[in-house]
Student: 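Structure incoming, see below.
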Amino acid sequence: MVGLRKARATSVVVGQDLIAKSVPGTNPLKVLAQMPGVMFQSDDPQGSDTWSNQFYMHGFSQNQIGMTLDGIPLGDQEFHSMNGLNSVAAISSENVSRMDATMSAGAEDTASTSNLGGAVAFHSSDPSHKMGAKIVQTFGSNDMFHTYLRGDSGDLNAQGSRFYISYMRNNTDKWKGGGNQFSQQVNAKFVQPIRESSSISAYFDWSDFDLYNYQDMSFDMLKNGGYNIDNFIGTPNAYEKAYRSALSLNGLPGGALPAGYSKMSDPWDASYYDGGTVERDYLGGMNFHFMLTDRLSWDSVAYGHGLYSRGTWASPYVSSPNGAPLIDQMTLQHSQRGGITSALHYDIAHNHISTGIWYEGFHTDIGRWAFQQPLLGEGSPVNSLGSLPAPFAQLWREQINSNSFTGFAEDTYSPLPNLALNFFFRSLLQTARA
């Protein structure tokens with residue numbers, strides 16, 4: 001497997017060899033950030049906390065870069081994305097065979113409506129031709145515990161039908177503050193070769209993320225509160241600290257700030273009781289690759305994705321109906337999307353000609369609800385990552401239905417081995433109802 005090679009002046013390929021050198025479970029985009037002009041940042045060492053993740057490539061941010069997995073569009077990579085799935089939730093890093101990164105203008109055949117600044121194509125590894133199993137166990141600081149299991153069927157018949165199933169579990173305590181960050185994931189892939197050069201494959205992903213988030217930091221907080229400031233959960237008397245801080249914000253009796261917080265310009269916004277992310281995803285796709293002649297090929301992908309997510313923080317700015325000076329505020333999202341891509345590729349003389357279409361439809365139901373927190377000493381606070389009580393208020397809610405149609409045609413002309421001229425046309429039609 002190639003670790004790194006230059007395919008063209010504007011493209012690089014990062015293979016499994018380079019990914020395997022990182023800590024198991026590390027977001028593959030963090031590995032890609034070793035390339036010049038690419039930057040990835042996250043508040044956790046493995047890059048699994050999607051709330052904090054930011055990816056930049058040659059000056060373009062993650063919502064301006066087209067990303068796909070085996071041709072399945074992954075959308076804009078933003079937190080609470082309505083049209084996609086973060087790559088870390090789409091595939092276990094151990095199952096990524098390579099990443100193809102186009103760092104100049106976005107490729108017109110990429111299934112993306114946001115690829116202004118390039119594209120990253122993830123490719124899942126194929127099942128092995130030999131039956132086997134792999135077990136990998138990793139331990140690390142902050143009680144980091146990473147498990148990866150994979151079983152390959154090997155060839156089931158003379159045609160080479162084969163599959164694998166893998167399970168990944170990752171759990172680690174936060175490096176500051178309290179709480180842990182837990183995720184688990186199941187991947188499966190089936191490959192059916194057809195004759196010598198054609199194939200059909202199917203891919204499935206289930207992921208489960210339950211993460212306590214780190215508090216967002218400002219320059220004022222770093223300067224006057226210190227580097228290690230974080231939310232209260234996991235510290236002694238955590239709920240009491242959050243409760244009395246909220247009383248202080250509202251000028252109520254019994255209010256008090258933790259030591260040192262008064263130095264900050266907005267001490268009540270520096271630490272909440274907690275903040276968390278819950279996400280469940282189901283992603284599936286089928287790839288069809290047919291060599292119709294020695295010059296003409298046809299590639300199609302059909303896919304579907306379902307998502308449930310929860311983003312939460314304990315707000316001291318709104319009081320609960322029972323008189324508690326804070327609430328648990330949650331953004332809840334249910335999304336479903338599905339689509340198909342299809343393209344023909346033809347090679348003649350020094351030309352590589354392609355034409356294709358992409359359709360995607362998605363539905364999103366997203367809103368923010370308020371949950372009552374208990375009076376001090378009269379019960380347990382809301383568990384952001386657990387089962388939820390009935391909310392006492394709906395703060396806002398919206399539903400969005402969208403259909404996108406894309407068509408493209410291109411010709412890459414190579415008059416010399418080290419020179420390529422690209423001519424293309426692309427058109428997008430999108431309808432939305434909200």
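Remember, it's a predicted structure, so these values are computed and weren't measured experimentally.
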Student: Using the ring of each side chain (for Trp, its six-membered ring), is Y282 parallel, tilted or perpendicular to W206, with breaks at 30° and 60°?
Tutor: tilted
Student: Quick one: does NZ or CZ of K30 land under 6.0 Å from the six-membered ring centre of F55, within 45 degrees of the ring axis?
Tutor: no
Student: Can you see whether N287 engages D299 through a side-chain donor-acceptor pair at a distance of less than 3.5 angstrom?
Tutor: no
Student: May I ask you to check whether F145 and F139 place their ring centers less than 6.0 Å from one another?
Tutor: yes
Student: Tell me whether N86 contacts the main-chain N or O of V88 through its side chain, where contact means a donor paired with an acceptor under 3.5 Å.
Tutor: yes
Student: Answer yes or no: does atom CE of M131 have more than 12 heavy-atom neighbours from other residues, nucleotides or ligands under 6.0 Å?
Tutor: no
Student: Between D152 and K134, is a salt bridge (Lys or Arg N to Asp or Glu O under 4.0 Å) present by the stated rule, with each step listed?
Tutor: CA-CA 9 Å; D152 287 77; K134 179 186 292 186; over 6 Å; no
Student: Between H345 and S354, do the side chains contain an N or O donor and an N or O acceptor separated by less than 3.5 Å?
Tutor: yes
Student: Provide the closest heavy-atom pair for P73 versus A111 in the form atom of the first, atom of the second, distance.
Tutor: CB-O, 3.1 Å
Student: Can the positive tip of R150 be found less than 6.0 Å from the middle of the six-membered ring of Y164, inside 45° of the ring normal?
Tutor: yes
Student: For this output row, return yes or no: ring centroids of W175 and Y214 closer than 6.0 angstrom.
Tutor: yes
Student: Please check if the distance between the ring centroids of Y239 and Y273 is under 6.0 Å.
Tutor: yes
Student: Just checking L416: does its CG atom have more than 12 heavy atoms from other residues, nucleotides or ligands closer to it than 6.0 angstrom?
Tutor: yes
Student: Any non-hydrogen side-chain atom of N180 less than 4.5 Å from a side-chain atom of K174?
Tutor: no
